[in-house]
Amino acid sequence: MKIVQIIIFAALTGGSFFFFLKKVREIYNNIMMGRKEEISSDSSFRWKQMLLVAFGQQKMFKRPVAALLHLVIYISFCITQIELLEIFIDGFTGSHRILYFGLFEGNFLGSLYTLVINMIEILSLLTFFVTLAFLYRRNLLKLPRFTKAELKGWPMRDANQILIFEILLIFFIFCMNGGDKALQIVGEHEQTGHFILSSIVGKALSGLPLGAIHFIERLGWWGHICMVFVFMNYLPYSKHLHIALAFPNTYFSRPEPKGEMKNMPNIQKEVASMFGGAQTEEGEEPMYFGAKDVTDLSWKNLLDAYTCTECGRCTAACPANLTGKKLSPRKIMMDTRDRMEDIAKGKKEHGPEFTDNKTLLGDYITKEELRACTTCNACVEECPVNISPLSIILELRRNLIMEQSDSPSEWNTIFSNLENNQAPWQFSPQDRLNWVAELND
Amino acid sequence: MSTYKVPVMAELAAEGKEPEILFWVGCAGSFDQRAQRVTLAFVKILNQLNINFAVLGPEEACSGDPARRAGNEFVFQMLAQQNIATLNMYNVKKIVAACPHCFNTLKNEYKELGGNYEVIHHSTYINELLKSGKLKVQGGEFKGKKITYHDSCYLGRANDVYEAPREVLMALDADLVELKSCRTKGLCCGAGGAQMFKEDEPGDKRINVERTEQVLEVNPDYVAVACPFCNTMLTDGVKGHDKQDDIKVLDLAEFVTKANGY
């Protein structure tokens, strides 16, 4: 019987990791569709950003209630990995609670084990309530940032599914630990120390027939590990991918002041040669300005898109969105990810030459959205994982103006004023000092 | 009272002189009637303190900010490279700008194009003058008055300048109150990203109206701004609510000159 369980466990593990890693590779390839971008930070800056922003959740605490609720799930998730490690070893070796009986029993680590399992159980219970609170905030309280147009359909379902997965994970943990406790009470399993919460469950279950207790314990154990595999394979398709990508994404944070826009060296050279400076070399690759599709964006923009968990803090802070314009920075990120997925899907089904004649700019993101941006950096400031929707907006704007010559007429006027008299308005440079006349009035 | 002077870079250079700072006036400061008054105020402060400064005058071109943010990198590069050639020709080392957009572009975006200068915004500069004791400011007409400060995006989030403007206002002995969205959460006035120069996209209301409503919530006597575009936007917003007699929108430099009777 034991060997059958080990074989099933090994097969499930192998299959899960196979499909998970396959999708991870696909996502990596999608991100690498992007152009090169040098991130000019040194490693101490990178580690600091990652430790503070991702690991320490620094920016979450701008919204203390959400931050606290999120922190419970985060800590709970991290510490539960210890019990998951034990489940894996038990699964592969057929052992039972190997960390306790194999390593810790009888020495001082035994009480550490008891402490850790107690913490896992208490945090799991807290997480249960937090999950309910999140379901309430999203579905009943209807916080404005959770009810915007871009969340209709799959994104809303995705968010709720994740929360339900969490509830199932917790349910199975208490089945497993409660069942084990009940078996300890009836003398079937050896004692593992006092677990406050599962002892209560165990006591309640201990009156059941022995077969039923065994069933509940196994249901908990298998249910939990199966949910872990489901969760793992669901993750790369979900907004919940942030639990992994928050780390690389903050590690590769841009160190420049937020106000600084990316330079375009090819245009710099072109203009310099126009002014009589260095000549541009012949045979250079043709210039293409800004971004029309995801392949024109940088890999960091694309990593940003996969990191986004659609929390909507950016959109809630966006002055354009706040005043009823179509622009939503969150939608910019969601569209970018959707576009990558659509390209990857098309290539998978129709071969690497596949094209659907669609582009990110136009078919996913409209110019009306782009034109509404005031470049105020509120979205960038708000993002808890250092995503920059603004960077994508500006690249798309560059394409609109420089590749498609698609500009509002008022902007054309300022461009020609700037070219002709170096000011956005039609004033002569000779009049720049006219104000001086009033100085000594 | 002595007459105020505005030394022009080309003239100083002809005399073989180099000023300590270059005052970057900016297009708004040069041409916009409201912003011109801020320029005058700042020049008066510089004169009063006998600061060795100069302006570029006709040789100053737009920093390129609105062109770059609209998406027109060609026009930006033309303006930026022209400015850098001028600034380098005069061997400029330190620039003070009264416009956060010029400040941001000159400070952050000219480096990569060969323009390396120490660039500070006039709010930081005035605050330094106060701190060093060179500039003294009495409360004057602002003593005990309720003042609120509107963060400019290009000073605040873009460059992390939050405290200097507030410190200047605190020197006025006034009652400084914060808006609902302030500092890192400061709400844009609606002008950035070249929005100043075009009609809004369709929506429920204008951004400056939204921001003005936040201003009205705290019901101040004065709104302090540090950007010519925020100034225009909030002045319009306050007028739109017919509150221009109760709430005055003033730039930091104007607070100083009015308080000191320059």
Side-chain angles (χ1 to χ4, degrees), chain A residues 62 256-261 263-264 267-268 270-272 274-275 289-290 317 319-320 322-327 368 371-378 380-381 394 397-402 407-408 410-411 413-415 418-419 422-425 427 429-436 438-440, chain B residues 3-4 6 8 25 27 30-31 36 39-40 43-44 55 57-62 66-75 77-79 81-82 85 104 108-109 112-113 153-154 157-160 184-185 187-188 190-195 197-207 209-210:
Chain A
K62 289 182 172 183
E256 292 85 9
K258 289 191 193 69
E260 183 176 335
M261 257 180 88
N263 190 30
M264 298 183 75
I267 298 183
Q268 181 191 343
E270 179 85 8
V271 170
M274 215 171 66
F275 282 164
F289 306 123
L322 218 53
T323 52
K325 279 83 174 178
K326 267 199 184 147
L327 175 63
E368 183 181 334
R371 293 261 167 80
C373 176
T374 68
T375 69
C376 77
N377 264 306
V380 184
E381 177 73 39
L394 290 171
R397 272 194 184 187
R398 280 174 163 168
N399 191 271
L400 262 184
I401 300 287
M402 291 188 285
S407 164
E410 305 102 305
W411 276 2
T413 308
I414 68 159
F415 296 152
L418 287 168
E419 278 186 69
Q422 293 84 49
W425 303 289
F427 291 110
Q430 296 311 318
D431 294 338
R432 274 196 180 256
L433 285 175
N434 285 2
W435 53 271
V436 176
E438 290 174 53
L439 191 57
N440 290 302
Chain B
T3 38
Y4 295 117
V6 183
V8 180
V25 182
C27 299
S30 302
F31 298 121
Q36 281 176 342
T39 307
L40 292 168
V43 162
K44 285 178 183 175
V55 299
E59 288 185 288
E60 187 185 286
C62 168
R68 189 171 231 195
R69 272 136 195 93
N72 197 329
E73 185 76 3
F74 280 100
V75 171
Q77 291 283 349
M78 279 163 47
L79 296 164
Q81 292 185 29
Q82 183 188 331
N104 175 68
N108 297 320
E109 297 179 355
E112 223 176 311
L113 314 179
C153 306
Y154 275 78
R157 281 186 293 268
N159 289 292
D160 290 318
T184 56
K185 288 186 178 291
L187 180 68
C188 177
Q195 297 292 341
F197 305 102
K198 71 168 193 41
E199 288 300 312
D200 288 358
E201 306 311 307
D204 305 332
K205 62 165 106 158
R206 303 201 64 197
I207 295 171
V209 173
E210 176 81 18

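We name chains A, B, ... by the order of the sequence lines, and we start the count at 1 in each one.
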Identify which part of B/E210 has an atom lying under 4.5 Å from any heavy atom of chain A, answering side chain, backbone, both or neither. side chain
Between the main-chain N or O of B/S30 and the side-chain N or O of B/Q36, is there a donor-acceptor pair closer than 3.5 Å? yes
Greatest number of non-hydrogen atom pairs under 4.5 angstrom with chain A, of B/K205, B/E109, B/E73, falls to B/E73
Has the side chain of A/R398 got a donor or acceptor atom that lies under 3.5 Å from a matching backbone atom of B/N72? no
If we ignore hydrogens and angles and just use 3.5 Å, is the side chain of A/W411 paired with the main-chain N or O of B/A194 as donor and acceptor? yes
Is it the case that more than 12 heavy atoms not belonging to A/K326 sit under 6.0 Å from its NZ atom? no
Answer key: most heavy-atom pairs under 4.5 Å with chain A among B/C153, B/G57, B/P58 is B/P58
Quick one: list whatever passes side-chain hydrogen bond (donor to acceptor under 3.5 Å, both in side chains) with B/D200, sequence neighbours left out. B/R206
Which bit of B/Y154 is near chain A, if near means a heavy-atom gap under 4.5 Å: side chain, backbone, both or neither? side chain
Structural part of B/N104 lying under 4.5 Å from a heavy atom of chain A: side chain
Comparing B/A61, B/A67, B/G71, B/P66 against chain A, the one with the most heavy-atom pairs below 4.5 Å turns out to be B/G71
Picking from B/R69, B/E112, B/K44, which has the most non-hydrogen pairs under 4.5 angstrom with chain A? B/R69
By a 4.5 Å heavy-atom criterion (distance strictly below it), what part of A/I414 contacts chain B: side chain, backbone, both, or neither? side chain
Using side-chain contact (heavy atoms from CB on, under 4.5 Å), reason through A/V271 and B/F74 one step at a time and then give a plain yes or no. CA-CA 7 Å; A/V271 170; B/F74 280 100; 4.2 Å; yes
With sequence neighbours excluded, tell me which residues meet side-chain hydrogen bond (donor to acceptor under 3.5 Å, both in side chains) with A/E410. none
Considering non-hydrogen atoms only, spot the tightest contact between A/K62 and A/E381 and give its length. NZ-OE2, 3.0 Å
The interface call for B/I207 against chain A, heavy-atom contacts under 4.5 Å, is both
Flag the one option from A/Q430, A/E419, A/E256, A/E368 with the top tally of heavy-atom pairs under 4.5 Å to chain B. A/E368
Under 4.5 Å from any heavy atom of chain B, what part of A/N434 do you find: side chain, backbone, both or neither? neither
What one should report as the nearest heavy-atom pair of B/K198 and A/P408 is CD-CG, 3.8 Å
When B/V209, B/N108, B/D160 are compared by non-hydrogen pairs under 4.5 Å with chain A, the top option: B/N108
Side chain to side chain donor-acceptor pair (under 3.5 Å) for A/N263 and A/Q268? Distances and angles first, verdict last. CA-CA 8 Å; A/N263 190 30; A/Q268 181 191 343; 2.8 Å; yes
At a heavy-atom separation under 4.5 Å, does B/L40 approach chain A through its side chain, its backbone, both, or neither? both
If you count heavy-atom pairs under 4.5 Å between each of B/N159, B/V55, B/V43, B/V8 and chain A, which one has the most? B/V43
Measure centre to centre between the rings of A/W435 and B/F31, then say whether the value is under 6.0 Å. no
Using non-hydrogen atoms and a 4.5 Å limit, figure out which bit of A/L400 sits close to chain B: side chain, backbone, both or neither. neither
Using non-hydrogen atoms and a 4.5 Å limit, figure out which bit of A/L418 sits close to chain B: side chain, backbone, both or neither. both
Between A/V436, A/T323, A/L394, A/L433, which residue shows the highest count of heavy-atom pairs closer than 4.5 Å to chain B? A/T323
Given a strict heavy-atom distance threshold of 4.5 Å, which part of B/E199 is in contact with chain A: side chain, backbone, both, or neither? both
